Structure formats: C-alpha cells, structure tokens
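As the structure lists them, so they are numbered: ligands from 1, and atoms in each ligand from 1. Just so you know, these numbers come straight off a predicted model, no measurement behind them.
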Amino acid sequence: MLFTITRGLILAAIVFCSGAYAAKITQNTNARPHINLDGAWHYIADPYENGFYNHRYQEHTRDGYFKNAQVEQPGDLIEYDFANAATLNVPGDWNTQQDELFLYEGTVWYQRDFTLNKSRDERYILHFGAANYEAVVYVNGQKVGTHIGGFTPFEFDVTDVVSDGDNFVIVKVDNRREREQIPTVNTDWWNYGGLTRSVKLLTLPKQHISDYSIHLADGDSNSITGWVELNQPLNNARVTVEIPELKVKQTLKFTGDARQNFQFKAEPILWGPSNPKLYDVHFRLQEQTLSDRIGFRQIDTKGEDILLNGKPIFLKGISIHEESALHPGRAWSQADAKQLLSMAKELGVNFVRLAHYPHNEHMVRMADEMGLLVWSEIPVYWTVLFERDDVYANAQNQLSEMISRDKNRASIILWSMANETPMSDARLTFISKLAAKARELDGTRLITAALDTSSETDKGKSIDDPLSAVVDVIGINNYCGWYYKEPAQCAKVRWFSDNNKPVIMSEFGGGALAGYHGAAEQRWSEEYQADLYRYNLQMIDNMSFIRGMTPWILKDFRSPRRPLANIQDFWNRKGLVSDKGVKKQAWHILNQYYEQHQ
Ligand code: GCB
C-alpha cells in the first residue's frame, strides 16, 4: 500500500516535471520525412527495476541501463548487455512475442541503434504511436521525457541530443497496473505491454507546419474552416491550403504568430457511409508540402435523432477491441485494420465502436476510406479514482492526445468520455469536466459515454443516470439474457427515456464458444448466443428513442477475467466470430437484422 502511494507520488512528480502531459503531437506523421525505427529492438525484462533504481531505491543518475554501457576493460563490471540481448519486434506487444512475457506486468527496457545524417537545418522529433503504459525515453544516454497512458501518441524534440552518425535510443516501458491509473487496475481486456505502435524519428525542416485542423463550418456545408499551426511563431511566413479537386486555394499570412485560422467557400461532396468521398488537401510552407486525405461532413442531433449531413441516420454498429484475427496480441498494422473493418462491413454495419481506448491511427484512417462512422473513447473505465486531481489530469491528457491525433478524421462522430462508471458526485464532476474539455478542443463532434445505470420503475427501465444530461448522445450497456434474465424474457423488457436525446445501445451480448452446439438454454452454445441476439433485437425494436447500437463484440478477445477451462481459456467469448475469425450463429442473426434495416 505504502509502495503504491509512494509510486503514485513519484509518478505525479515525474509527470508534472517532465511535461508528460503536454499534448503537442505532430499531425499526420506518416506523411512526414522520417527514419523508421520499427523492427527488432533489444530488450531486457526488469521486474525489480534494477536498471532504474539503485539498491537504495533511488533513481540511477549515472549508471542505469539507459547508459547502454559496454565492457571496455577486462575487469569492467556491467551486468547487462543490450547488444547481446534477445529482441522484440516493434510495433508489437511483448506478451505474445515471448512465452516468458505472456502474463508479465512490469518493466521492460528496449534498445536500438540508428544512424543519422544530422543537418543544421532540421529538427528531430522522436515520435511514438503508443507505449503501454508508462514510457521513460532516453537518447544517447540522456533522458528526453516521460509519457503516461497506453494508447495515445507522444513525442520529444531530440534535436539537441542526437549526433551525426551513430545514436541509440532506450525506452523503459512499464505496464504495471495501479489504482490511480487510467484505466485503473480492473478491466476486461489483456494488459498488453510494450512499444505497441510504430516509432519514428521525424526529420523535419527547422520551420514546419506542426499541426492543422480542417472541417466544414458548423451548419454551413459550403464553407470549409480550420487552422494551421507552425512549430514556432514566424514573421512574414505564408502557408497555402489547397484542395485542387474543389479548385480552392487560400494563402495564410503569419505575422509573428504560430497559428492562423482560415475559412473559404467550397462545395464538397459530403462524406458518408454510402459515399466516403475524401479530398486531397495540400498545406504548403516554403518548399514543404504536407498532404492529407480529408472528408467533409456534418454531424448533429435533433431531439432523439442523430443527423448525418442533415439527415437522420440509424447507427448499425459493432464494438471492436484492438485485436485482429491475423495474429495474436495487439493489432497495430494497416492489414489488421483492414481485416477488422472488412469483417465489420461484411456484418452490414455503418458504424464501429472502437473500445475501450483510442485505437491505432490505421483504424481511423481506414474507417475514413471505407465509410464507417466511428465512436472513439478514452479508457475511463469502471472504478477510476474520480476524486483525485492527478487522475483527472491523466484522463484529460489522454483525451487531448486522442483528439489531437484524430481531429481531422471525418469518420469519427463521437468522442466517448467513459464506460460503465459507478454513480457518484465525484464521477459526475470528473466526466462533466472531461466533456467540457472535449467540446473546447473540438466543437465539431458529439459527446457520449456508455452508461450501465438505469432504474427499475413501474413503466420499465428508466435511463436516468445524471450523466445523460451531460452527453449529446446517451450510450447504454445492458446485458439482458446474460448477466440478468433469460434470453426469451428480454423481448418483454420495456425501456423509457425522458431525455429527448438519441440513445445508442452501446453494448449487449453473451458468450459462445465457436463450434459448441446445444439447446438454446445451454450457456456457451452458439444457439444460446443466437437466441440472446434475437430477443435483444426485439427489445431494441420497442425502444422508440434508439438511434443505433454496437453489440458486444465483433471478435473474441483476450481477458484475464475469463478463466473458465475449455470454454473461455482466458478469452472473452462474446465475439460474433471466434478469435480466429470463424463466424458463430449470432453473426447471421445480426447480419440479417442489419440487412433488413436499410
Ligand atoms: C461490459 C464492459 C466490457 C466487458 C463486457 C463483458 O459491460 O463494458 O468491457 O467486456 O461488459 O463482456 O462483460
């Protein structure tokens, strides 16, 4: 206990001192010049954090593993050796790459060399797609920063630390779960550790465009607006924003500022599931051109309706964890994104809930291309310590990093603040503050949260969680036929909502082992799960205020909470397909339902 508190305080100190919560992230990193640092990294598992603390439990300042020391004299005592250590592939979780790390929670050190032709005209930014959970980053033996949070990008300017020629980078990644984290200690997914997303050294001109935002003006589909931000304020700089296909080009003049707003008239074909039209957009500063593919669309609510481009839409969705059928462990690649989202499309969806944390950037870019609407969320999940300011700061930072990376993706229509959080005043204050922050950072999307609280009344189940007043769209998680009632009883369950807001059934479902057949009463059989879907869909048909659903879940996913031998074997079996992608009967029930509800 004492250890936990002390570690919490140390962490808070590290975080605030090293600026781990400054959410500045270079936009569109794949389109930037960079040195790709993916591939084999040497690693040392360090459960006692021997490479970080000395025997008096003080942080090493001179001779920790970050030094990457090599034996020079025969008598040298160095008890680690990255050069001869085994390797892990980056990106990738460590759990599924080495048997000994499968259940490991703790510190792993990563090391790799790289060479650089250093130029005086460039800035070097070391960019991480994500590292779960806490990363301490060193370049050439110097600490360059710390980051907390397992699913969002972060970066450090390492210009002054890198050398011409040989360099090395070392990252201490720690995935221990702690009570004060976001997410907290108890979740229902695998705690995959490591450098789970790509690592790049961005090699950028000294003055460059660091970020931009571009979207339709609120309520005006013939007006495109946004801003461009430079990495430093400039006098007399010009940036052009051009969309050749729309024949628009505007030049922005920077007179001592780092950010300039823009707005111009245009008549884009609006992006949507039936026509996911994307435009090439070019931002130019001096000789640099930065290009992106952008969709333009409006998203609003009106009473109980969700309006996409002004028209009511029903969100036929599915929930997805970041695990694909292509390989074990965390999904990270474009191929993973394609596999998952193609499977979702085949199910007949126009909407995906990317649960329960921000997924990798390939997912949202692929959703843009494929015309899938997206719910994106931060891991404010279950029993977070809502009373604590440092916990809030962490959640807000993860929210800011998610929005910063993905603000230009037309597919994303909903930012979700939380999942199934227990009611309390502290929780209401915490999530209300997050929602206000999200609206401040991005006024172009809707705010939601998945609630699991409803009260029983004479009329039926009432959606009366006070968070309903805070969000634009109410998500409800409800496991009728699984955690309560038998499936057949679900058809008769009645709900009502006095919120005059759209409601999405953000979760329902039940487990089945693919290939296990039996009577419909037989738990874990495909027949049971199929029946549960049939009756829940009947229940949903009686909910006049429902405007979408994301049943739980597309594919079986790993979870330490699910040990049942020969059935679960540490998989949550609520997938409509098995972990290998084999369809279960319930898949066809939902597929038919979606086909009939055009
Ligand atoms: C939920 C959670 C989800 C779990 C699911 C389950 O309500 O939101 O993360 O995996 O239930 O399978 O119980």
Side-chain angles (χ1 to χ4, degrees), residues 132 150-151 177 181-192 317-323 330-331 340 352-359 375-384 395 414 416-423 427 431 448-454 461 463 465 467 471 473-485 487 490 493 495 503-514 523-524 526 528-529 532-533 536 539-540 548-564 567-579 584 586 590:
N132 190 33
F151 302 98
R177 288 166 299 118
Q181 292 173 350
I182 300 288
T184 181
V185 278
N186 52 330
T187 70
D188 187 21
W189 66 83
W190 207 263
N191 182 24
Y192 293 114
I318 191 72
S319 298
I320 302 180
H321 258 296
E322 198 183 30
E323 286 180 26
R330 270 273 166 268
L340 281 167
V352 289
R353 175 181 178 198
L354 302 183
H356 278 302
Y357 36 75
H359 286 212
W375 158 318
S376 180
E377 72 190 71
I378 47 169
V380 175
Y381 182 96
W382 289 354
T383 56
V384 162
L414 286 160
S416 177
M417 303 297 106
N419 181 75
E420 293 187 357
T421 47
M423 278 214 242
R427 165 265 207 177
I431 297 174
T448 191
L451 318 177
D452 73 344
T453 38
S454 54
K461 286 169 98 58
I463 302 171
D465 184 322
L467 256 189
V471 296
V473 174
I474 300 166
I476 46 173
N477 293 357
N478 185 261
Y479 281 85
C480 187
W482 190 254
Y483 294 128
Y484 78 101
K485 288 195 193 295
C490 302
V493 174
W495 289 77
V503 178
I504 293 175
M505 183 66 86
S506 38
E507 287 180 31
F508 73 88
L513 179 65
R523 214 174 263 262
W524 306 112
E526 288 196 28
Y528 186 107
Q529 190 193 35
L532 183 150
Y533 267 74
N536 270 274
M539 175 181 84
I540 288 169
M549 62 177 118
T550 48
W552 196 253
I553 187 170
L554 182 63
K555 188 182 126 336
D556 290 355
F557 61 97
R558 277 207 186 275
S559 170
R561 295 175 70 88
R562 311 293 174 178
L564 181 63
I567 300 278
Q568 295 176 312
D569 300 313
F570 294 103
W571 291 91
N572 183 315
R573 294 291 184 200
K574 296 192 186 71
L576 293 175
V577 304
S578 72
D579 51 289
K584 306 178 192 174
L590 186 62

For ligand 1, the portion of F508 having any non-hydrogen atom under 4.0 Å away: neither

Atoms of ligand 1, numbered as shown, that sit under 4.0 Å from any heavy atom of H356: 3 (C), 8 (O), 9 (O)

Consider ring-ring contact (aromatic ring centres under 6.0 Å, His included). Of Y483, Y533, Y479, which one does F508 pass it with? Y533

Heavy-atom distances under 4.0 Å decide this one: backbone, side chain, both or neither, for R562 against ligand 1? side chain

Please enumerate all residues that pass side chain to side chain donor-acceptor pair (under 3.5 Å) together with S559, with sequence neighbours excluded. D188

When you compare the side chains of Y192 and E322, does any donor N or O come within less than 3.5 Å of an acceptor on the partner? no

Could you please spell out the steps behind the side chain to side chain contact (heavy atoms under 4.5 Å, CB included) verdict for M417 and V380? CA-CA 7 Å; M417 303 297 106; V380 175; over 6 Å; no

Of all heavy-atom pairs between R353 and N477, which one has the smallest distance, and what is that distance? NH1-OD1, 3.8 Å

One residue to check: N572. Relative to ligand 1, which of side chain, backbone, both or neither has a non-hydrogen atom less than 4.0 Å away? side chain

Expected output: side-chain S506 to main-chain I476 donor-acceptor under 3.5 Å: yes

Looking at E507, H321, K574, the heavy atom closest to atom 6 (C) of ligand 1 belongs to K574

Could you tell me which atoms of ligand 1, counted from 1 in the order shown, lie closer than 4.0 angstrom to a heavy atom of Y483? 6 (C), 12 (O), 13 (O)

Heavy-atom distances under 4.0 Å decide this one: backbone, side chain, both or neither, for N419 against ligand 1? side chain

Below 4.0 Å, non-hydrogen atoms only: which portion of W189 touches ligand 1? Side chain, backbone, both or neither. neither

List every atom of ligand 1 that sits less than 4.0 Å from any heavy atom of E420, numbering the atoms from 1 in the order shown and giving each element. 1 (C), 2 (C), 7 (O), 8 (O)

Check whether any heavy atom of W482 sits under 4.0 Å from an atom of ligand 1. no

Starting from the C-alpha separation in whole Å, work towards a yes-or-no answer on ring pair (Phe, Tyr, Trp, His ring centres under 6.0 Å) for W552 and H356. CA-CA 12 Å; W552 196 253; H356 278 302; 4.9 Å; yes

Heavy-atom nearest neighbour in the protein, as seen from atom 4 (C) of ligand 1, with distance rounded to 0.1 Å: D188 OD2, 3.2 Å

Option set F557, W382, Y479, Y381, criterion heavy-atom distance to atom 11 (O) of ligand 1, minimum: Y479

Trace of the ring pair (Phe, Tyr, Trp, His ring centres under 6.0 Å) decision for W482 with W524: CA-CA 10 Å; W482 190 254; W524 306 112; 5.1 Å; yes

Numbered atoms of ligand 1 (with element) below 4.0 Å of N477, judged on heavy atoms: 8 (O)

With side-chain hydrogen bond (donor to acceptor under 3.5 Å, both in side chains) as the test, would you mind laying out the steps for D556 and S578 before giving the verdict? CA-CA 5 Å; D556 290 355; S578 72; 5.5 Å; no

